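Below: the structure, in structure tokens.
Nothing here was measured: the structure is a model prediction, and the numbers come from that model.
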There are 2 protein chains.
Amino acid sequence: MAFVAGGALASAVSNAGGLGLIGGGYGEMDWLEAEIKRSHNSDIGTGFITWSLAKQPALLEAALAAKPKAIMLSFGNEAPFARQIKDAGALFICQVQTIEQALSAHDNGADIIVAQGSEAGGHGAIRGTISLVRETVDRLGNLPVVAAGGIADGRGLAAALMLGASGVLMGTRFYATQECLAPDEAKERTLDATGDATVRSSVVDMLRGKDWPAPYKLRTLQNDVLDQWHGREEQLSESLEEERKAYDSAAAERDFDHAAVIVGEATGLLKDVPLAAEVIEEIITQAEACLARPPGCL
Amino acid sequence: MAFVAGGALASAVSNAGGLGLIGGGYGEMDWLEAEIKRSHNSDIGTGFITWSLAKQPALLEAALAAKPKAIMLSFGNEAPFARQIKDAGALFICQVQTIEQALSAHDNGADIIVAQGSEAGGHGAIRGTISLVRETVDRLGNLPVVAAGGIADGRGLAAALMLGASGVLMGTRFYATQECLAPDEAKERTLDATGDATVRSSVVDMLRGKDWPAPYKLRTLQNDVLDQWHGREEQLSESLEEERKAYDSAAAERDFDHAAVIVGEATGLLKDVPLAAEVIEEIITQAEACLARPPGCL
């Protein structure tokens, strides 16, 4: 949720009873500080891409200076940052994609583990949410585990709780909210797509010049650029300079046949672009109804 | 579950209150007829690989002659078989991997849709269970939807019910049962592996000479053969004849560093090799407990 989850969205989520996170992104200090200010001291947190943060650790200092409720680290070795985060009094949330990473996060002092399945939008790896969450709970029952990836409604929340999770983390659902900083044209596309119409690929990172380490790839809506290059990454690398210029132009022009709309498989569940507070109220209401009247079995 | 779900496993599952399916596999008529006999007329079904069945439709006649409770078709166009199955009085179950396929199965008269996520062992595609099941229910609320992929316990069943599914289909959990026809050495390996240790790949199908159409690939435990060839399929195709011989020898010798153990991510949840009836009893007990005492939220 880099650049799309800003202070307005994070504070709206926290004010409605969730924990809103600013998407710390790739290290744009001015953007981060402006969005933290925009959150008006709500009890929010900030999420960072760990391998990117390692290149600009000053970002973490800036985030911690605002006394956040939590810092979430994803995609990389969290160990070097654990002490600083915990000493600052923030909850130390680690998002993981494998059991190996979950065990590492536990050993490095994580307060909360987010088990993120491959259904998720944006960067992720290959394990599916339902088995990863269940197995993480099974192995780390002493820690709160939060389910992420493919969840966008109250039924998903209720399912996650049944797996033994303590909550859910949602990106795609909040992408399609009023407060999200994504362009309206991009939000509209999430409403039309089924969950079949996303793909996890390295193509967009190549085009954006983001040097992501294996095994992480980016899930986005399928579009003309993915149709052309996904599975043809070697050929793309041969004409990369030219293709990058075309990509930058498309992004600037909000041409989402070519620029990426970064959402996950849960895009197939989106029907509207409400306020974040309305999302949370609807999810809680639906989850409570499901849990109060468990359905019958086949 | 071709060749590992035979009549003994299918009847044990049905006798314990489930619906046991014989894995109809690739068209070995003698094997299929022997296993149907071995099921002793329990209320079972048979599952077929649709694109393979199309080459040997006599298999379906043999299965229907035994008056099965259900026929399940997976991986291919179900339309040519729908009338024959329904006219024989069997439930027509269609396993799908995308929303597009789910809509097609609905239009072709499926009585039950199995929405199978990529976590599943054996063949499958790319969507994750939690989002595929939720979206299938959302779009086909008038049909019973069964969740498959990554589910191996009562918490998984309870989660599936919360998503709106009417039940679950489990392969990997029943692979590690007494009645399963897989070798004991293979079953043992499922107990040691975490769910991280599986991979979906075309390598084993190339080595077995199984000509699977896109987008289906086979999820198995990672082993030396996958380490060597996954991602190097072009090089494998250059030495395929030799490598096939080596693979066949490994399979005959039950050398599972080289031959495939065909299970899914739920392998990380397996701790024992019980009777199938014990599996079902434990799952029902755990699911009922979860549903009766919904957990608190974070």
Side-chain angles (χ1 to χ4, degrees), chain A residues 19 98-101 112 117-120 126-135 137-139 144 146-147 149-168 194-200 264-269 284 287-288 290-292 294-298, chain B residues 19 98-101 112 117-120 126-135 137-139 144 146-147 149-168 194-200 264-269 284 287-288 290-292 294-298:
Chain A
L19 171 60
T98 64
I99 293 298
E100 185 182 3
Q101 290 169 358
I112 297 171
S118 182
E119 295 93 319
I126 58 169
R127 288 204 57 181
T129 300
I130 208 165
S131 90
L132 180 64
V133 169
R134 183 68 199 94
E135 191 174 348
V137 168
D138 207 33
R139 290 176 190 261
V146 169
I151 297 170
D153 66 4
R155 284 187 173 275
L157 169 58
L161 297 177
M162 287 293 148
L163 295 173
S166 300
V168 294
T194 78
D196 295 354
T198 77
V199 59
R200 187 172 289 292
E265 292 187 4
T267 192
L269 300 174
I284 298 290
E288 285 180 342
C290 286
L291 294 166
C297 193
L298 187 65
Chain B
L19 172 61
T98 64
I99 292 299
E100 185 181 4
Q101 291 169 359
I112 297 172
S118 182
E119 295 92 319
I126 59 169
R127 287 204 58 181
T129 300
I130 208 163
S131 91
L132 180 64
V133 170
R134 183 68 200 94
E135 191 174 349
V137 168
D138 206 34
R139 289 174 190 262
V146 169
I151 296 170
D153 67 4
R155 284 187 172 277
L157 169 57
L161 297 178
M162 286 293 147
L163 294 174
S166 300
V168 295
T194 79
D196 295 353
T198 77
V199 60
R200 188 172 291 290
E265 292 187 4
T267 192
L269 300 175
I284 299 290
E288 286 180 341
C290 285
L291 293 166
C297 193
L298 186 65

Seminar exercise, completed: Interface check, chain B: of Thr129(A), Asp138(A), Val168(A), Asp153(A), most non-hydrogen pairs under 4.5 Å belong to Asp153(A)
For this session: Between chain B and each of Ala287(A), Gly195(A), Ala152(A), Ala197(A), count heavy-atom pairs under 4.5 Å; write down the option with the most.
Result: Gly195(A)
Problem set entry | Test salt bridge (charged side-chain N to carboxylate O under 4.0 Å, His left out) applied to Arg200(B) - qualifying residues, sequence neighbours left out | none
Problem set entry | Residues that Asp196(B) engages under side-chain contact (heavy atoms from CB on, under 4.5 Å), provided they are two or more places apart | Thr98(A), Ile99(A), Glu100(A), Arg127(A), Thr194(B)
Problem set entry | Close side-chain approach of Met162(A) to Leu291(B), heavy-atom, < 4.5 Å | yes
For this session: Check whether any side-chain heavy atom of Arg134(A) sits under 4.5 Å from a side-chain heavy atom of Ile151(B), and report yes or no.
Result: no
Problem set entry | Shortest non-hydrogen contact between Ser131(A) and Glu265(B), atoms and distance | OG-OE1, 2.7 Å
For this session: Flag the one option from Gly150(A), Ala266(A), Ala159(A) with the top tally of heavy-atom pairs under 4.5 Å to chain B.
Result: Ala159(A)
Exercise. For the atom pair OG (Ser118(A)) and CD1 (Ile130(B)), what is the distance rounded to the nearest 0.5 Å?
Worked result: 13.0 Å
Exercise. Highest number of heavy-atom pairs under 4.5 Å with chain B: which of Leu163(A), Val133(A), Val137(A)?
Worked result: Leu163(A)
